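A short worksheet on the structure shown next.
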Amino acid sequence: MPLGYYDVGATPFFALQADQRVSYCLYVPRALADAPDRSAWRLIVAMHGTGRTATTYRDKFADLAERERCIVLAPLFPVGLIEPEELSNYKRLKFHDMRFDLLLLAMVDEVGRKYGIDVSRFLLFGFSGGGQFVHRVFLLHPHRLAAVSIGAPGNVTLLDNTRDWWVGTRNLRAEFDTDIDLAALRRVRVQMVVGAEDTETWEITLKPGSSAWMEGANDSGRTRIDRLATLKANYEQHGIAVRHDLVPGIGHEGWKVLEPVQAFFMSVLREREKAT
């Protein structure tokens, strides 16, 4: 299919054809339109947080996309899906009839078909609410991922067969019709990143009566720094290697931690290029 004017560069938002309640925008280097062979092109997904700053993250990855022959996909799961003012449903992947992990994969596959690039294993970044989403997608779909960058999630899901989802993974089969595949998880490159001054707790301390409350919801630590350290230790106990970046002088500001994220993604992309 020939590409149109709005299919390259920083694109508008496209409604996902599988479910038009959600959408995505892209950054597509103009060089792709003239590329006779797109087999080496890759996909980076930049997931928004609670503020839904999808275009900001899309634009921040544009230079990397140009250098490394990538398309950037930035999903948008808007506030108020099904329930008015609902902010956080996508972070735990499942809400009423919506499976946000599967919607993401539908976006990825739609982009792969349209642009003719390899999306069998893509790179996935998210910060804050996006970090919550990313590390849970990682648990369910490691076979689709080349790398994940998990940024400052407020609440974490541990590999833990003594607690139910979303605190643990005991009932994963009942919730998502799948099981943990440790061998596949260990094949994915994993980064965790957080600002060294990211110490506010007002948004992440859950209390009984909140929509996300579960027993054990706050057990992984007080701050995002603490909770990410707990998640890292949990992964490493299960043989999953983790690169950890604590960015000095930065609070809860996702766009300010992108330098180590992009360095990590660049190393993954170049390793994959050498392997092929």
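Remember, it's a predicted structure, so these values are computed and weren't measured experimentally.
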(request) Determine the sole option in Arg272, Arg42, Arg270 for which the salt bridge (charged side-chain N to carboxylate O under 4.0 Å, His left out) test with Glu68 is passed. (result)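 Among Arg272, Arg42, Arg270, the one that satisfies the salt bridge (charged side-chain N to carboxylate O under 4.0 Å, His left out) with Glu68 is Arg270.
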Just jot down the salt bridge (charged side-chain N to carboxylate O under 4.0 Å, His left out) partners of [X], sequence neighbours excluded, or say none.
X      : answer
Glu197 : none
Asp245 : Arg243
Asp19  : Arg21
Lys60  : none

Test item: [X] side-chain N/O and [Y] main-chain N/O as donor-acceptor pair under 3.5 Å:
X      : Y      : answer
Gln191 : Phe265 : no
Trp165 : Thr157 : no
Asn234 : Leu158 : no

Taking [X] first and then [Y], would you say they form a salt bridge - that is, a charged N and a carboxylate O separated by under 4.0 Å?
X      : Y      : value
Glu203 : Arg224 : yes
Glu110 : Lys114 : no
Arg227 : Asp219 : no
Arg189 : Glu271 : yes
Arg173 : Asp177 : yes

Would you say the side chain of [Y] lies within less than 4.5 Å of the side chain of [X], judging by non-hydrogen atoms?
X      : Y      : answer
Pro208 : Trp213 : yes
Phe100 : Val137 : no
Glu66  : Tyr27  : yes
Val22  : Met98  : yes
Ser220 : Leu231 : no
Leu123 : Leu43  : no
Phe122 : Leu124 : yes
Cys25  : Thr55  : yes

(message) Taking Leu139 as the starting point, is it possible to reach Leu105 by hopping between hydrophobic residues whose side chains are less than 4.5 Å apart?
(response) yes
(request) List the steps, then state whether side-chain contact (heavy atoms from CB on, under 4.5 Å) holds for Arg69 with Leu32. (result) CA-CA 8 Å; Arg69 293 185 297 176; Leu32 179 139; over 6 Å; no
(request) Taking the six-membered ring of Phe176 (Phe, Tyr or Trp), confirm whether the NZ or CZ of Lys94 is under 6.0 Å from its centre and within 45° of its axis. (result) yes
Separation between [atom1] of [X] and [atom2] of [Y], rounded to the nearest 0.5 Å:
X      : Y      : atom1 : atom2 : result
Ile180 : Leu172 : CD1   : CG    : 5.0 Å
Phe127 : Ile150 : CZ    : CD1   : 13.0 Å
Ile204 : Ser128 : CD1   : OG    : 9.0 Å
Leu140 : Asp179 : CG    : CG    : 10.0 Å
Leu102 : Leu104 : CG    : CG    : 9.0 Å
Leu269 : Leu64  : CG    : CG    : 6.5 Å

(message) Can you see whether Asp101 engages His141 through a side-chain donor-acceptor pair at a distance of less than 3.5 angstrom?
(response) yes
(message) Show me the pairs that pass salt bridge (Lys or Arg N to Asp or Glu O under 4.0 Å) and involve residues 205-218, at least two apart or across chains.
(response) none
(request) Scan His252, Glu259, Glu253 and name whichever one has a side-chain hydrogen bond (donor to acceptor under 3.5 Å, both in side chains) with Lys256. (result) Glu253
(message) With a sphere of 6.0 Å drawn around CD of Glu200, does it hold more than 12 non-hydrogen atoms of other residues, nucleotides or ligands?
(response)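 No, CD of Glu200 has 12 or fewer neighbouring heavy atoms, counting only those of other groups under 6.0 Å.
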Under 3.5 Å, sequence neighbours excluded: what are the donor-acceptor pairs made by side chains of residues 70-86?
{"from": "Glu83", "atom 1": "OE2", "to": "His96", "atom 2": "NE2", "distance (Å)": "2.8"}
{"from": "Glu86", "atom 1": "OE1", "to": "Ser88", "atom 2": "N", "distance (Å)": "3.0"}
{"from": "Glu86", "atom 1": "OE1", "to": "Asn89", "atom 2": "N", "distance (Å)": "2.8"}
{"from": "Glu86", "atom 1": "OE1", "to": "Asn89", "atom 2": "ND2", "distance (Å)": "3.2"}

(message) For His48, run the ring-ring contact (aromatic ring centres under 6.0 Å, His included) check against Tyr90, Phe133, Phe125, Tyr24 and tell me which one passes.
(response) Tyr90
(request) Might you point out which heavy atoms bring His135 and Asn155 nearest each other, and give the distance in Å? (result)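 Residues His135 and Asn155, closest heavy atoms: CE1-O, 3.7 Å.
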(message) Is it the case that the ring center of Tyr235 lies less than 6.0 angstrom away from the ring center of Phe138?
(response)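 Phe138 vs Tyr235: aromatic centres under 6.0 Å.
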